There are 2 protein chains.
Amino acid sequence: MEDHGDVRTRALEAATRLFATAGFDGTSLQAVAEAVGVARPTLVYHFGTKDGLRDAVLDRLLGRWQSELPAILAAATTGKDRFRGAVGALLDFFRADPHRARLLVREILDRPEVVRARFERHLRPWTPLLVGYVDRGRAEGRVHAQVDAEAWILQLLVAAVGTLSTGTVAAAMFADPPDVDRQLAELVRIAEASLFRVRGDATPPSAPARRSSA
Amino acid sequence: MEDHGDVRTRALEAATRLFATAGFDGTSLQAVAEAVGVARPTLVYHFGTKDGLRDAVLDRLLGRWQSELPAILAAATTGKDRFRGAVGALLDFFRADPHRARLLVREILDRPEVVRARFERHLRPWTPLLVGYVDRGRAEGRVHAQVDAEAWILQLLVAAVGTLSTGTVAAAMFADPPDVDRQLAELVRIAEASLFRVRGDATPPSAPARRSSA
DNA sequence: CCTACCGATCGGTAGG
DNA sequence: CCTACCGATCGGTAGG
């Protein structure tokens, strides 16, 4: 079906999409092979087993995330600009490919210990910078004294990934469901209001707040 | 294995646990039958197909949720007490059975349209009360003017379910991972700080905020 | 990178 | 609620 790149790359792309949509157990090697346009044993040749393909897909996702982290943290300046840059980049990463958040959530549910180990190895080196930024803000009086830095960062991450993986379905509980952009705009507002002691000096962080009644 | 209740009830309990842990496609009917202590065709007799069992498991979860909603909303009083009662009851519902949040997330990922239809039927009737409460608070000056009621409620729900389904794994990105209670305490603080214009008058909503450094 | 083939397991049925 | 059985599909191998 697809004809761009080598088989390995095309297989990783197809498997990411299929695993994210139907899950690992809900996706047969045959389905991946057909999407790539090769015979099933070809995938075994490239990845060893179906589980090998799974690992390669997860590593590719975390590798891309990891490779964007330094750029985010380095390019940021100080204060709220740094905050907005980091939050915006986090949202953009998962928004760039709608399969990323779904795949990540599925892997956490299916293989918590494997993902935990990957998080420790790939993400843990960067988190002291984030925690240090919050702690410094608190020491300087810009951040609320009650903020629990690690827990606050986790809630932001969980809310962002959760919104992009399950948000459109959860929104169906409302008669006039807010779309993902509106949910993420409110998330940015919530994050800012719960972190900083004073309101933003300039314009709202992203989209303006909208009335809830239709 | 289990010997309490009739086969149907025991099957729903076992399937909830197995589906939440390994997923629907990762759980064989045989595995459910063995957990219940019956032969596989017995489950087919009771639920028609494996998909029938899946529907029964989802309906049972949403039914329990729905049956707790009126009690929450009715027992609450006004202002922050009402807010704390509703948020606390939401968290308690998913905390009471750790499989509930995982099962719900899996079903949203696997069958978005099915869950969307269930949400519209079971949850939508109650959401105007929640939105109305936020809107009233804003009109009376207790709630921030920028709050997007529907999006704010969704973010609270997504963060709560996300924390209870994937939080312990995500926390592994920190050298000293906050446990679920600490994550939920911060979530309550975030919710309150992002909703109300003035800080709580009495004690913090749940556990006191803890320092982030070990 | 392919064709041909393998044993194992799947959900579901027949019949009682 | 059971035993016995069904065709279909699964991941993986042999051999080229």
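Protein chains get the first letters and strands the later ones, always in sequence-line order, with residue 1 at the start of each. Not measured: the values here are computed from a predicted model.
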Both H46(A) and K50(B) contact DNA chain C. Taking the nearest nucleotide for each, which residue is further toward the 5' end?
H46(A)

Tell me whether the centres of the aromatic rings in F196(A) and F83(A) are closer together than 6.0 Å.
yes

Less than 4.5 Å apart, side chain to side chain, heavy atoms only: is that true for V147(A) and S194(A)?
no

Can you list the residues that meet the side chain to side chain donor-acceptor pair (under 3.5 Å) rule with T9(A), with sequence neighbours excluded?
D6(A)

What I want to find out is whether R17(B) reaches D97(B) closely enough, with some N-O distance under 4.0 Å, to be called a salt bridge.
no

Closest non-hydrogen atom pair between K50(B) and L29(B), with its separation:
CG-CG, 3.9 Å

Tell me which residues in residues 21-28 of chain A put a heavy atom below 4.0 Å from DNA chain C, sorted by number, or none.
none

Identify each donor-acceptor pair in which a side-chain atom of residues 98-107 of chain B lies under 3.5 Å from a protein atom, sequence neighbours left out, and give them as a table.
{"residue": "R100(B)", "atom": "NH1", "partner": "F93(B)", "partner atom": "O", "Å": "2.8"}
{"residue": "R102(B)", "atom": "NH1", "partner": "S165(B)", "partner atom": "O", "Å": "3.4"}
{"residue": "R106(B)", "atom": "NE", "partner": "F19(B)", "partner atom": "O", "Å": "3.4"}
{"residue": "R106(B)", "atom": "NE", "partner": "A20(B)", "partner atom": "O", "Å": "3.0"}
{"residue": "R106(B)", "atom": "NH1", "partner": "D110(A)", "partner atom": "OD1", "Å": "2.7"}
{"residue": "R106(B)", "atom": "NH2", "partner": "L109(A)", "partner atom": "O", "Å": "3.1"}
{"residue": "R106(B)", "atom": "NH2", "partner": "D110(A)", "partner atom": "OD1", "Å": "2.8"}
{"residue": "R106(B)", "atom": "NH2", "partner": "T21(B)", "partner atom": "O", "Å": "3.0"}
{"residue": "E107(B)", "atom": "OE1", "partner": "R54(B)", "partner atom": "NE", "Å": "3.1"}
{"residue": "E107(B)", "atom": "OE1", "partner": "R54(B)", "partner atom": "NH2", "Å": "3.3"}
{"residue": "E107(B)", "atom": "OE2", "partner": "R111(B)", "partner atom": "NH2", "Å": "2.8"}

Can you run down the side chain to side chain donor-acceptor pair (under 3.5 Å) pairs that involve residues 59-73 of chain B, sequence neighbours left out, and say none if there aren't any?
D59(B)-R118(B)

At a 4.0 Å cut-off to heavy atoms of chain B, the contacted part of DNA chain C spans dC10(C) to dT13(C)

Under a 3.5 Å cut-off on both pairing distances, which runs of 3 or more consecutive Watson-Crick or G-U pairs involve DNA chain C?
C:1-16 with D:1-16

Can you tell me if R189(B) and Q146(A) form a side-chain donor-acceptor pair at under 3.5 Å?
no

Shortest non-hydrogen contact from A172(A) toward R116(B)
CB-CG, 3.2 Å

On a heavy-atom basis, which atom in A193(B) and which in H144(B) lie closest, and how many Å separate them?
O-NE2, 3.6 Å

